[in-house]
Amino acid sequence: MHPAEVFDYEDIQLVPNKCVIESRSEADTSVQFGPHRFKIPVVPANMETVINEPLAIWLAKRDYFYVMHRFQPEERRGFIERMHEKSLFASISVGVKADEHAFIDELAAANLVPEYITIDIAHGHSEAVIRMIQQIKEKLPASFVIAGNVGTPEAVRELENAGADATKVGIGPGKACITKLKTGFGTGGWQLAAVRLCAKAARKPIIADGGIRYNGDIAKSIRFGATMVMIGSMLAGHEQSPGSLLTIDGRTFKQYWGSASEKQKGAYRNVEGKQMLVPYRGDIANTLNAMEEDLQSSISYAGGRNLMDIRTVDYVIVKSSIMNGDSY
Ligand SMILES: NC(=O)C1=CN([C@@H]2O[C@H](COP(=O)(O)OP(=O)(O)OC[C@H]3O[C@@H](n4cnc5c(N)ncnc54)[C@H](OP(=O)(O)O)[C@@H]3O)[C@@H](O)[C@H]2O)C=CC1
Ligand SMILES: Nc1nc2c(ncn2[C@@H]2O[C@H](COP(=O)(O)O)[C@@H](O)[C@H]2O)c(=O)[nH]1
């Protein structure tokens, strides 16, 4: 890989084009992803401190994408039923162990078909994920399958060839992640470049997952080939976020922990995530509205009218990668 091709969000600036709209409100940020069209190309991370059932309902009712986490497996069947009773789409996560294969069989036998199924494991370029994709495609062919996480073009191609409808890119760039420090592997520090390489190889949509620190990083992800952007820490600090609210020295925070943290696992075994606090940010509606408005502005700077007009703008690399502010 040429060094010039290795960069992260903070290293890139997009180059403006002549504006063709009279108001930012004319810019259309919506995106088609699988069977639905969503208001913005943003999905809260499928983590226990980021999404829960009330927030999933809130998001689905307002045309935002969501992916429910997989850490209360006994709740998932009822969750799908309750979403469908409300005429809302059901979007769940699964792992790859034997009981997860049994769960897919159970859904198929009950004719319960989630609109979206995300296969969520740390190292998604594996036979275990390929087997799970194949099983879902055989038993629940109408479900849109998102597989991950991966960090290479080869992995994207292999999971797509196995039947995945979308792949999720990002090994170790997350705020609560310590994979890069504990294992030496991943896309931490060059996540945006990894999204670019993966998107060039992809024939299906890519989700850029992890490392988003500013709203402008959403536009940068779209520029480099993502169709959807998964966000954890920036969406964990809200009134609706499941983590507990804490006040320290007069400042309010919400809990945020990695899905591979000791807190999530209940034991210090194969830990690749940490627990932390994120500033409390109030109503998530305001944050999502701000993301939409900033994306409308991005589209205007791109000289376009629609989200995908961002794809073709020029860019410059302005400085070297750092570790994205993360620490162990
Ligand atoms: N995006 C990211 O960078 C990362 C995300 N995570 C998140 O943490 C959660 C837990 O992830 P995960 O531990 O994969 O889930 P699981 O504990 O469900 O593991 C899934 C399966 O994959 C195996 N496995 C996991 N990692 C590896 C590996 N490196 N090599 C070989 N086999 C492996 C596990 O076996 P065994 O446990 O016996 O090895 C298990 O059988 C998920 O939500 C995941 O998304 C975790 C780390 C990185
Ligand atoms: N290496 C780890 N990555 C994790 C863990 N839990 C979640 N994640 C990934 O992070 C993103 C969110 O990133 P953010 O920068 O927006 O906060 C999430 O979607 C997962 O892919 C973990 O324990 N270890």
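What you see is a predicted model, and the numbers here were worked out from it, not measured in a lab. Just so it is clear, the values below take in all heavy atoms, side chains as well, and ignore hydrogens, waters and symmetry mates. Order of listing sets the numbers, starting from 1, for every ligand and every atom in it.
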Fill in the blank from the handout: Ala147 and Ala164 have their tightest heavy-atom pair at CB-CB, 3.9 Å
Problem - Within-cut-off N or O pair, Asp120 and ligand 1, under 3.5 Å - result: yes
Exercise for the section: Over 60° means perpendicular and under 30° means parallel, so classify the ring planes of Phe38 and Tyr116, tilted if in between. Expected result: tilted
Problem - Flag, side chain of Glu160 to backbone of Lys204, donor-acceptor distance under 3.5 Å - result: yes
Exercise for the section: Please identify which atoms of ligand 1 are closer than 4.0 Å to at least one heavy atom of Glu272. Expected result: 47 (C)
Handout entry: Trace of the side-chain contact (heavy atoms from CB on, under 4.5 Å) decision for Val271 with Ile178
Key = CA-CA 8 Å; Val271 163; Ile178 54 175; 4.2 Å; yes
Exercise for the section: May I ask you to check whether Arg269 has an N/O atom sitting below 3.5 Å from an N/O atom of ligand 1? Expected result: no
Problem - Ile171, any N or O under 3.5 Å of ligand 1 N or O - result: no
Exercise for the section: Step through it carefully: locate the ring centre of Phe144, locate the ring centre of Phe89, and say whether they are under 6.0 Å apart. Expected result: no
Fill in the blank from the handout: Ranked by distance from atom 5 (C) of ligand 1, the top protein heavy atom is Ala122 CA, 4.2 Å
Handout entry: Considering all heavy atoms, the nearest Pro205-Phe33 contact
Key = CB-CE1, 3.8 Å
Exercise for the section: Give the residue, atom name and distance (to 0.1 Å) of the protein heavy atom nearest atom 30 (N) of ligand 1. Expected result: His123 CD2, 4.3 Å
Practice task
Give a yes-or-no answer on whether the side chains of Asp120 and Thr118 include a donor-acceptor pair shorter than 3.5 Å.
Solution key: no
Practice task
Using only heavy-atom distances, determine whether the side chains of His125 and Glu154 contain a donor-acceptor pair under 3.5 Å.
Solution key: no
Exercise for the section: Verify whether one side chain among Gln255 and Ser244 offers a donor that lies under 3.5 Å from an acceptor in the other. Expected result: yes
Completion exercise
In this structure, atom 39 (O) of ligand 1 is nearest to the protein heavy atom Asn270 OD1, 4.5 Å
Problem - Under 3.5 Å: N/O of Gly170 near N/O of ligand 1 - result: yes
Completion exercise
With sequence neighbours left out, the residues meeting side-chain contact (heavy atoms from CB on, under 4.5 Å) with Ser221 are Tyr9, Ala208, Ile212, Ala226, Val229
Exercise for the section: Give the atoms of ligand 1, by number and element, whose distance to some non-hydrogen atom of Ala260 is under 4.0 Å. Expected result: 8 (O), 46 (C)
Problem - His69 and Ser259 side chains, donor-acceptor separation under 3.5 Å - result: no
Completion exercise
Close residues (non-hydrogen atom under 4.0 angstrom from ligand 2) work out to Ala45, Met47, Asn149, Gly174, Lys175, Cys177, Thr179, Asp209, Gly210, Gly211, Arg213, Met230, Ile231, Gly232, Ser233, Tyr256, Gly258, Ser259, Ala260, Ser261, Glu272, Gly273
Problem - Under-4.0 Å heavy-atom contact with ligand 1, by part of Phe185 that carries it - result: neither
Problem - Non-hydrogen atom of Gly95 closer than 4.0 Å to ligand 1 - result: no
Exercise for the section: Please report which non-hydrogen protein atom sits nearest to atom 20 (C) of ligand 1, along with the residue it belongs to and the distance in Å to one decimal place. Expected result: Ile121 CG2, 3.7 Å
Problem - Arg70 to ligand 1, any heavy atom closer than 4.0 Å - result: yes
Practice task
Give a yes-or-no answer on whether the side chains of Gln135 and Asp105 include a donor-acceptor pair shorter than 3.5 Å.
Solution key: yes
Problem - Value rounded to 0.5 Å, distance of OG1 in Thr179 from NE2 in His123 - result: 11.0 Å
Exercise for the section: Report yes or no: is the cationic atom of Arg223 (NZ for Lys, CZ for Arg) under 6.0 Å from the centre of the six-membered ring of Tyr315, at an angle within 45° of the ring normal? Expected result: no
Fill in the blank from the handout: When distances are taken from atom 9 (C) of ligand 1, the protein heavy atom at minimum range is Ser259 CB, 3.5 Å
Problem - Protein contact to atom 35 (O) of ligand 1 [nearest heavy atom, distance to 0.1 Å] - result: Lys97 CE, 4.8 Å
Practice task
Give the residue and atom name of whichever protein heavy atom lies nearest to atom 13 (O) of ligand 1, and the separation in Å to one decimal.
Solution key: Lys265 NZ, 4.1 Å
Exercise for the section: Would you please say whether a donor-acceptor pair under 3.5 Å links the side chains of Ser300 and Arg24? Expected result: no
Exercise for the section: Consider ligand 1: state whether an atom of it lies below 4.0 angstrom from any non-hydrogen atom of Cys177. Expected result: no
Completion exercise
Thr179 heavy atoms within 4.0 Å reach ligand 1 at atoms 47 (C), 48 (C)
Practice task
Report yes if Gly172 has an N/O atom closer than 3.5 Å to an N/O atom of ligand 1; otherwise report no.
Solution key: yes
Fill in the blank from the handout: For atom 21 (C) of ligand 1, the closest protein heavy atom turns out to be Val96 CG2, 3.6 Å
